[in-house]
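Taking it in order: structure first as C-alpha cells, then the write-up.
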Amino acid sequence: MRYLPLTPDDRFAMLAVVGAPDIGALFTDVPDAARLSAPVDLPMHMGEIEVERALAGLAAKNRSGAQGPFFCGAGAYRHHVPSSVDHLIQRSEFLTSYTPYQPEIAQGTLQALFEFQSQVAALTGMEVANASMYDGSTAAAEAVMMAHRVTRRPKAVLSGGLHPQYADSIATLAHVAGVGVARQAAAVDGEAEVVAAIDAETACVVVQTPNVFGTASDLTRIAEAAHAAGALMIVVVTEAVSLGLLKSPGEMGADIVAAEGQSIGNALNFGGPYVGLFATRERFIRQAPGRLCGETVDADGKRGFVLTLSTREQHIRRDKATSNICTNSGLCALAFTIHMTLLGETGLRRLAAVNHAQARKLAAALAAIEGVEVLTPRFFNEIAVRLPQPAAWVVERLAGAGVIAGVPFSRLSPEAHLDDVLLLAATELTTDADIAALAKELSGVLA
Amino acid sequence: MRYLPLTPDDRFAMLAVVGAPDIGALFTDVPDAARLSAPVDLPMHMGEIEVERALAGLAAKNRSGAQGPFFCGAGAYRHHVPSSVDHLIQRSEFLTSYTPYQPEIAQGTLQALFEFQSQVAALTGMEVANASMYDGSTAAAEAVMMAHRVTRRPKAVLSGGLHPQYADSIATLAHVAGVGVARQAAAVDGEAEVVAAIDAETACVVVQTPNVFGTASDLTRIAEAAHAAGALMIVVVTEAVSLGLLKSPGEMGADIVAAEGQSIGNALNFGGPYVGLFATRERFIRQAPGRLCGETVDADGKRGFVLTLSTREQHIRRDKATSNICTNSGLCALAFTIHMTLLGETGLRRLAAVNHAQARKLAAALAAIEGVEVLTPRFFNEIAVRLPQPAAWVVERLAGAGVIAGVPFSRLSPEAHLDDVLLLAATELTTDADIAALAKELSGVLA
Amino acid sequence: MSLQTIGRPTRAEAIVETAPPTLTGGRGLLQHEPLIFELGGWEKTGVDLAEPDLDASDLGDLVRAAPIGLPGLSEPETLRHYVRLSQQNHAIDLALYPLGSCTMKHNPRLNEKLARLPGFADIHPLQPQSTVQGALAMMDMLAHWLKTLTGMPAVALSPKAGAHGELCGLLAIRAAHEARGDARKRVLVPTSAHGTNPATAAFVGYAVEEIAQTAAGRVDLADLEARLGPDVAAVMLTNPNTCGLFERDMIEIAARTHAAGAYLYCDGANFNAIVGKVRPADLGVDAMHINLHKTFSTPHGGGGPGAGPVVLSEALAPYAPAPWVSHGLDGFTLADHAPEGSASFGRLSAFHGQMGMYVRALAYMMSHGADGLAQVAEDAVLNANYVKARLGGVMTAPFGGYCMHEALFDDQWLDGTGVATLDFAKALIDEGFHPMTMYFPLVVHGAMLIEPTETEPKAEIDRFCDAVLALAAAAKAGDVDRFKGAPFHAPLRRLDETQAARKPKLRWRPEEPPTVAAE
Amino acid sequence: MSLQTIGRPTRAEAIVETAPPTLTGGRGLLQHEPLIFELGGWEKTGVDLAEPDLDASDLGDLVRAAPIGLPGLSEPETLRHYVRLSQQNHAIDLALYPLGSCTMKHNPRLNEKLARLPGFADIHPLQPQSTVQGALAMMDMLAHWLKTLTGMPAVALSPKAGAHGELCGLLAIRAAHEARGDARKRVLVPTSAHGTNPATAAFVGYAVEEIAQTAAGRVDLADLEARLGPDVAAVMLTNPNTCGLFERDMIEIAARTHAAGAYLYCDGANFNAIVGKVRPADLGVDAMHINLHKTFSTPHGGGGPGAGPVVLSEALAPYAPAPWVSHGLDGFTLADHAPEGSASFGRLSAFHGQMGMYVRALAYMMSHGADGLAQVAEDAVLNANYVKARLGGVMTAPFGGYCMHEALFDDQWLDGTGVATLDFAKALIDEGFHPMTMYFPLVVHGAMLIEPTETEPKAEIDRFCDAVLALAAAAKAGDVDRFKGAPFHAPLRRLDETQAARKPKLRWRPEEPPTVAAE
Ligand SMILES: Cc1ncc(COP(=O)(O)O)c(C=O)c1O
Ligand SMILES: Cc1ncc(COP(=O)(O)O)c(C=O)c1O
C-alpha cells in the first residue's frame, strides 16, 4: 500500500514495544457487536493507474468551460487564473500545513493571511477583514447573525436582488437564531425596494451589487436609511472582480461586506471550494466570526504575525463564540492573495474594464435578437434577459449545439416564476467569437 | 510586461546612477550597421490567455497516448509516472537552480545526484555511473569515444541489433574522431554476429539488449571475445525497465553501459528531453565524460557532496577534456531517481514482470493473426513482427482506426529494406483490451 | 558557470566556532521577506491584459474613482515573494506533524492532479446537468463509499467543514423535533469536546450542558442518565473521543439517548481510528460528520478548505438539506431544491459543496480500498500506542491502557521543573518538530495530545520520541533556559500574542495614504 | 487543533542571547536528511502494481537472479525525503542568482504547464506523422522565431544543449570544408572563451589556437589576422564575449575570416544581451547556437536539460543534420533521414531534440513578442551596468566603459586583505545570496562575473549591492575570519573538494552487501 510506510516487521517490533499480543488487542474497547469481522463491501485497493483511469473517465463525461462558448455566472465566474498561482499554492509548505497555531514556524501562512486581510479591506473599502469564511453565501449568513448580535434586533430584510441561494442560506440560520427574515420578491432592481421595509425591529438590510440579475446600483441611500433606523447595511458581492470598476461597498456606507472571492485565483470547481470574504468596521471586530491574523513582534523585536482575538472563537469561547467556524478557506484565500498581488491596482482595474467591455458586447448582441429583451439597466459583467421561451429549455437546446448559454433563473428559484429569464455573464475569457456563436445559435433556436 | 520588474521610474533612476543619457548609450559598441531600428518582424507581446490558447490549440492537434491503444517503443516507452514525481521536480528549489557549483547551498541537487549515480550503478551492475548524459544515443556515442581513448584503437564494431539512430549518432562522432565504424546489417539476433568482427584494431563492440528488435540475449560470450582481443564491450540499453527482469550488463561483462533512462520517471515528450545513463568500471573513471558527484565532508566534519574529478571536464581541461558536455539532464535524472526510489527493488521487479507479461500476451495475440510472423525469439516488452504488407502503410491505416500500432522499422532505417517489419511494445499501461483492439483492427486491415 | 577551484583552497582555513552575525541580517538560504505593500508598486502588474475596446462611460457615477490601494508585483517578484514565505512554514511534507485531533496525514499528489482535471475544475455548478453527468456520478460514488463505511443510509455532502457538518446535523435534529412539534432546549456535550461542538449547539439555539467524565476518560453514564430528559434534543459525543479513547458504552449511550427521545450526534473528526473496522451505524449514531480533510487526506492548506459530509440515520434522513444527487433512468439528477412538502431543513450554502475535496477524498478511498482503509486505522492506532509506550515511562498519561489514534499526556511530570507545556512545545520546534496539540482537551491539565497518523514511518516516530525524551531529560536536569527562550532556531523567536490582542493591527496601513493615479 | 494560550505567557521570558545547541542536532525547519540507502527498505515500495498474470519462465537464464540493491520508500517517505533535500538548495525563485554567463532568469510557470499538456508530453517521437501535426507545427514556429531573431536562413533544432550546438555547428563547418576536399586543421578561439569552445573544437578533430585579447577586452584583430590562414577551419567567438563586452569589430572579423576561407562560429550563450536588438546575421556569423535554457527561460533544473538549436548561414545550411521539419501541401513533414545525395553531416542523436524545451521557449517568446524581447535585452544590460556602477567604486573592473549583460570585476581590490575571491563568494552565501561566477573568464585574475538578468527588480539588485559593499568594507577592515570560515549559515559549512577528488566516493556502498530476498 503506497501510502503506508509501516512494514510487517515494523508492526511486529512496535507491537512488542507496546506490549500487545496483536493489533486486535488495541481495539478491545470496541464492543464485539460493533467490530467488523470482514472488510466492508467496497472495492479493494488500487494503484495510481487504475484510480486515474476511473476518475479521468468520469471527468471526461463533463463538458469543461474551455470546450466552447460559455456564459454561466450567477455567483460563480469563469476567469483566467495565472499559472503561477496554482503552482504556488501547491507548494508543500502551503498545501500540507495546518492552521498556523505555532506562529514561529507558520509565518509563511500568517504573513500571507495578513496580506489577504489587507487586500480584502482595501478592495471592499472597509476598515478590517477576517482570514476568510467558507464562501460568500455562508459569509452572508454569518453577517446577518453578527448584525443580530450587534443590534440585538429580531429582523433581517433581504433585497429581491439577493442571490436566491444566498437568501436560502441566510434563512436557514436565521430560523434557528430566531431572526425573522423579510424576503422581498425577486426583481431586477430589487435594491430599490428595500428602504420601505426598514423599521425599528430591523437588525440589517442585505443588499447585493451587482445583484443576481447583474444590476449594479448605488447603495448610499439605502445605507443612510438603514443607519437612520439603527440598522446595519450588509452588502453582498458575488463577483469580486466588479470591485475593480465599481464603487466599493465601504464608499457607499456598508457596515459589513460578505463577498464571494472565487473570481480571484480560484477555479469554478463545480461550486466549491470557494472563499468567503468578510469585512466590517473596526468597532464591530469583536463581534466578527472567523479567524483574524494580527501583527506583533517576536522575542528579538522582529515583526511577525499571529492569529489573534481568538477569545471570539469556538476553541476558546465554546458555546459563547461568535461562530462555530474552525477550518475555513485558507488555501483559496492564498490563491486569492497571490492572484491579487499579480494583478495589483493596475491589473485589477484593467481586468474589470475588460470584463465590462465584453459584457457590453454581449448585451448588444442579445438585444439585437428578435424576441430577446435585455432586462438589466446598468451592469458590470452579467445581464438578465427575457426570452420568448422557457430559459431552461433554451439552455438545453444550446448546450446540444455546443454553447453553454448561461443560468436560467428558474434554476436558482423555481418559486419566483421567472422561467423566461436567463442570466448570462461575460469575462476576459469570453471572446467576440463566443458571443457571435451564442447569438447565432440563440437566433436559430428562437426562430 | 509581466516578466519584467523594472518600471519606467526604475529605468530612469538606474540610468542616472549608470551615468548614461539613455538606454541607447549602453549599446554604443554595436556597429550602426547591425543595430535594428525597428522591432523584428514577429508578433508583439501576448498575455497568458492568448499564449495558452495558441499552444493548447497546437497540442490538441496531436494524438496523445492516452487517447487509445498505443504500441510504440523503439527506444522511447510509454510508462506511468507517479504523480509525486512530477510534483517534486517542479519544486522551485530543484527546477530553478543551476548546476551545483556552490555545494554549500546545493546539497539538495548534489545528494539527489549521488543517489542517482548509486541507483544507476546498481541497476546496470557496474561499479560507477556519472551524473547523466543528454540521452541514450549521445551516451552511446561518448562511450565509443571513451573506448577509443582507453584502448587507443581505431575501430568500433556496431551490432546489427543496435538502434539505427544510435548507430547514426555514433557514426557522426566517430567520423570526426577518426574512428572507423564496422556497422553490421540489421538483424533480429544481431548480437550473435559481432564476435566474428572483433580484431586487434577493435576498440569496442557495441551491443544492445533488448536490442532494437526486442531480442534479449546473454552477452557474456561477446564480452569474453572482446576482452580476449583487448577490446571493450559497450552495452546499450534503451528500455531501462528491462533491467528489473533481465541479467545486468555488469553481470555479463560490460565495460561501459550507455542507456536511455526515459522509461523511469520521464514522459515521452516527442523524443526529448530524456536522460542518458552512463556507467563503467572504476578504473576507467578518469576517462569518463560528464559530471561526477562525490562524497566529502564540510568544515565541521559533516558529510556532504560535491561535483568532483572535474579535471576531466571542459571548464577545467578545455581542449584536453574527455568531452565537451556541460549542461546535462539534471532534472530528468532527478525524476529518474525519485521514481526509482518509489519503486525500489520490489516495485521495479514487479513493474518489469508486468511489462513482460503484457508483451507475451501481445506476442500471442499477433502470432494468432493470419499472415503475421513474430520474429523476436526471446523478448522483454517489445517484439518485431513481419507483416504481409508494408508496415508503414499498415500503421497509417490503423492510426485511422484509432490504434497507434507501433514503429515501422523503415522509419528507423529505410536503407535496411525491412519495410515489412513492425516493432511493437507493451508496458504496464497496455491493457488486455488494447491488445484485443489491436488484434481486431490489424486482422481487419490484413484481411 | 564553472567554479575554477584547482589549486585553490576550498576547505575553510580558520574554523570560527560561533558564526559571526551577518552584516545585512542574512541567514543563508532563509530569506526575510517584507509585505507586498512594502515591495509592490501601485502601477506594477504581473498580468498582461489587452486594453478593452469599450469603456465604462455608461456606468457614470457607479465607477470607482478613488485609489483602491492594492500593490502589484511582476510575476518573478510574486513567485519569489511567496516561495520565500513558504519556506517559513512547517508542513507534513517536511516532518512529523503530531497535532492531536487534526489527523495530519500524507496528502497524495495524485489527488491534486485529478481534482485539477478540466472535467472537474473547469465546470460550473449551474451549467446544464446533461453536461456534468460525470461530476454527479462522482458525487454519487463518494456518497456510496461514505454510507458503506459508516453503515448509514443517507449522507448530506454539502457541509464545507467539520463544524459546518455539525451545524448540518444539529439542524436536521432540530428539524426532526420541530416536525413533531417537540421543541427541545438542551444539548448534552462532554467537557472534553472540541470547541465547535458547544459552539454549534448554541448556534442552533440550544442550551449546552456538560456531561461529566469518568476517571477512565469516558462519558459518565450515570451523569448522562441524570441529565437526559424530555427537553434534551441531542447528545453530542466524539468517538474515539478527544482523549484518544473509544467510548466503550457507546451502544448503551445510544439506547438511553433514544429512549429519552433525543438523537445521538457523533463528532467524526476521529474516524481515522476506526475507518474500515467499525461502522458508526452499529454504535447507534444518528448523525456524524466526516472531515474529509482529516480521515480522507484532503490537504489542510494552512487552514482549509475542508469538507464535512454528514451521514444520517433513517430517522434524520428526511430532514437533510438540498442539494442531493439521485440516479434515474436518464442518468443522474441533482435536486437544487427540496420538493414541495419535503421535510428538508433547507439549504446550508450556495451550490453543491466542496466538489474539489470530493474528488481528492474519493481518489484516496479508491487507492486504499476496503482492505487498505482498515489497515489505515490499524496503523494509526499502532503508531499512537507506540508513542504512548515509548514516552509513557517519562511523561505522565492521565488515562491508562491502550489508546486509539492519539496518545494523551498531562503536564504532571513537568511539576517543579519550571517548564510549562508551552515551553516544552517551543523547544520541540528547535529540535525540528512541530509540537503536539497543547492544552486540549480541557479535561486534562497542561494536555499534550499526540497523533502521529498512519503515514508516519517508524523511523520518524523514533526520531520524534528521542527528541521528546532528550528534552524531558533536559527539563528535569534544570536546563530551563532552553525552554523559556525557545524557539531559537525557527525563522522567528517566540511571538508576543498578548500584544497582538491588546491593540490589534489587522491590516497594513500606509504611513500616509498611497497616492495612486487611478487610470 | 487549537492552541489554548489564554492566561499563559506566550512571550519568551528569559531571552538567552546565543542559541543553545539543540539536543538532537535539529535546526528548526532545516532538516538533515540521510541517503535513501540509509532510509529505504529492500521490500518497501511506493508504487502499487497488480501481480502479473504471466511469469517470466520463458526467459530462463536471462532472468536477473541476484539482488539489484535498490532501496524503496513509501510515497509519504519519498515526498518528504526530496522536499527536505530541496530546501538545501538555492534557486532563482529564492533570490538573485548572479552567475555570469549563465543567464539565471525567471522561469515562467506557464511554460511548465504548457509543456505538460498531453498533446505535447504524451506523444511518441515515432508515432505516425499524421497524428503529430500540432507538434511539427510548433517546431516550425519555433524555427521561424529563431531564424527571424537572428536573421539567419536556417536552423538545426536538435542539439540538446549549448555545447551540443557548438558540436553541431563545427560538424557542419567541417562537412562544408570536406565537401570542397579542403581538410583544414585549426580553429581559433579567444582565451576568454568558455571551456566548451576549445573542448568542442578538439572533439571535432581540430587543433585549437588561442587568439590574443586587447587591453579593451576584445579580440586583437592584428593577432587574429596573423593567425588566419588556409588551414584555419573556423574562428569561434562569443558575442557579447565572456567579459561582458560587445565585440565591436565583429563585422570586420567576419570579413577577414571569410576572406581566409574560414567560417565564423558565434557562441550565442550571451544572446540575452542583444535579442531583438541585433541580428547575428548582420554581424556576418555563419553559425550560432542559442541556449534556450538561458535566453529563452527554460529552467536550468540543477544542471539541465537544456536545448541548443543552431542557426546557420546559407553557406552552412546544406550540411545541417537530420531531422528537420518541412511544410508541404498535406501539412508538415518531418524528415528523419537526409535524402540520398544530401550534404547533411548526418544525425546528432536519436529522435528530434528537446521537444519539451521547445514548447517552453516558444511560450516565452510569444509572451514577450518582438517588443518585449528587445526590452529584455535593454533591461538585462541596464541591470548589469547598474551593478557595475554601484560596485565600481570599491571593486576593480579590468575593463572600463559600459558593459553588456554582465559586469566583470577582478580581485585586485582584495590585494592585501587576505581574502580571496572564493572566500568573498562564500561570505556572500551567509548574507543570503548566491555568489557570482568566479575565476572565469580566465583572462582576468580572480574574476568575479555578475549577471543579474532582466528579471531582477531594482530592489533586489540594491540588496545585493549593499551586501557586497558591506562585505568589501569588512574585508578591507581586516575582518578575515568572516570570510575564511564562511559560510556559517548555509545548510553545510565549506566543503572539502580536495578530499573528494583524492579518493573519489562516487556511489553509496553497503557496509556489508544488502541481503535482498530476490522475489
Ligand atoms: C474533534 C474535532 N471536532 C470538530 C472539528 C472541527 O472541524 P473543522 O475544523 O473541519 O470545522 C475538529 C477540527 O479541528 C476536531 O478536531
Ligand atoms: C559562454 C558559454 N558557452 C557555452 C556554454 C555551454 O552551454 P551548455 O551548458 O548549454 O552546454 C555556456 C554555459 O555554461 C556558456 O556560458
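Below, chain A is the first sequence line, B the second, and so on; all start at residue 1. Just so it is clear, the structure is predicted and the values come from calculations on it, not from any experiment.
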Chain A contact via C/Leu117 - side chain, backbone, both or neither, heavy atoms under 4.5 Å: side chain
Carboxylate-amine/guanidinium proximity below 4.0 Å for C/Asp122 and A/Arg78: yes
Region of C/Leu49 that comes under 4.5 Å of a non-hydrogen atom in chain A: both
Residue selection (most heavy-atom pairs with chain A, distance under 4.5 Å) from C/Ala56, C/Ala425, C/Gly205, C/Gly372: C/Ala56
Residue among C/Leu35, C/Val359, C/Asp61, C/Asn107 with most heavy-atom pairs under 4.5 Å to chain A: C/Leu35
C/Glu454 versus chain A, the contacting section by heavy-atom distance below 4.5 Å: both
Close side-chain approach of A/Glu345 and C/Lys44, heavy atoms under 4.5 Å: no
Leading residue by heavy atom contact count with chain A [cutoff under 4.5 Å; candidates C/Ala201, C/Gly276, C/Pro71, C/Pro321]: C/Pro71
Heavy-atom donor-acceptor pair, A/Glu104 side chain to C/Leu492 backbone, under 3.5 Å: no
Residue pair C/His164 / A/Ile325, side-chain heavy-atom distance below 4.5 Å: no
A/Asp29 side chain reached by C/Tyr402 side chain, heavy atoms, under 4.5 Å: no
Part of C/Ala50 within contact of chain A (heavy atom distance under 4.5 Å): backbone
N/O donor-acceptor pair under 3.5 Å between A/Gln102 side chain and C/Pro435 backbone: no
Salt bridge (charged side-chain N to carboxylate O under 4.0 Å, His left out) between C/Asp282 and A/Arg35, intermediate numbers included: CA-CA 9 Å; C/Asp282 300 333; A/Arg35 224 181 300 178; over 6 Å; no
Segment of C/His81 engaging chain A (4.5 angstrom heavy-atom cut-off): side chain
Contact winner vs chain A - C/Ser349, C/Ala161, C/Ala490, C/Ala501, heavy-atom pairs under 4.5 Å: C/Ser349
Ion pair check, A/Arg350 and C/Glu51, cut-off under 4.0 Å: yes
Top contributor to chain A contacts, counting heavy-atom pairs under 4.5 Å, from C/Gly72, C/Gly301, C/Ala389: C/Gly301
Residues C/Ile68, A/Leu348; criterion side chain to side chain contact (heavy atoms under 4.5 Å, CB included); working and verdict: CA-CA 10 Å; C/Ile68 304 172; A/Leu348 179 65; 4.1 Å; yes
Which portion of C/Leu114 sits near chain A, non-hydrogen atoms under 4.5 angstrom: side chain
Structural part of C/Pro487 lying under 4.5 Å from a heavy atom of chain A: side chain
Sidechain N-carboxylate O distance under 4.0 Å for A/Lys361, C/Asp53: yes
Intermediate values then yes/no, side-chain hydrogen bond (donor to acceptor under 3.5 Å, both in side chains), C/Tyr82 and A/Thr341: CA-CA 10 Å; C/Tyr82 290 103; A/Thr341 299; 3.1 Å; yes
Side chain / backbone / both / neither for C/Leu59 at chain A, heavy atoms under 4.5 Å: both
A/Pro31 side chain near C/Met250 side chain, heavy-atom distance below 4.5 Å: no
Non-hydrogen side-chain atoms of C/Asn89 and A/Tyr98 separated by less than 4.5 Å: no
Residues C/Arg347 and A/Ser169: side-chain donor-acceptor under 3.5 angstrom: no
Per-residue contact mode, C/Met404 against chain A (heavy atom under 4.5 angstrom): side chain
Partners meeting salt bridge (Lys or Arg N to Asp or Glu O under 4.0 Å) with A/Arg360 (sequence neighbours left out): C/Asp55, C/Asp58
Inter-residue atom distance C/Phe203.CZ - A/Asp319.CG, 0.5 Å rounding: 13.0 Å
Exercise: do A/Glu396 and C/Ser130 side chains pair donor with acceptor under 3.5 Å: yes
Distance flag, aromatic centroids of C/His124 and A/Phe270, threshold under 6.0 Å: no
Donor-acceptor contact present, side-chain A/Asn62 to main-chain C/Gly134, <3.5 Å: yes
pair C/Leu85-A/Gln107: side-chain heavy atoms closer than 4.5 Å: no
Residue part contacting chain A, namely of C/Arg174, when any heavy atom lies under 4.5 Å: side chain
Structural part of A/Ala25 lying under 4.5 Å from a heavy atom of chain C: both
Contacting moiety of C/Ala374, where chain A heavy atoms sit under 4.5 Å: neither
Heavy-atom contact with chain A under 4.5 Å, split by part of C/Ile429: side chain
C/Arg64 vs A/Ser248 side-chain heavy atoms within contact, under 4.5 Å: yes
Toward chain C, the part of A/Leu243 with a non-hydrogen atom under 4.5 Å: both
Proximal component of C/Met366, with respect to chain A [non-hydrogen, under 4.5 Å]: both
A/Tyr134 and C/Pro305, any side-chain heavy atoms less than 4.5 Å apart: no
Which portion of C/His106 sits near chain A, non-hydrogen atoms under 4.5 angstrom: side chain
C/Ala500 backbone acceptor or donor facing A/Glu295 side chain under 3.5 Å: no
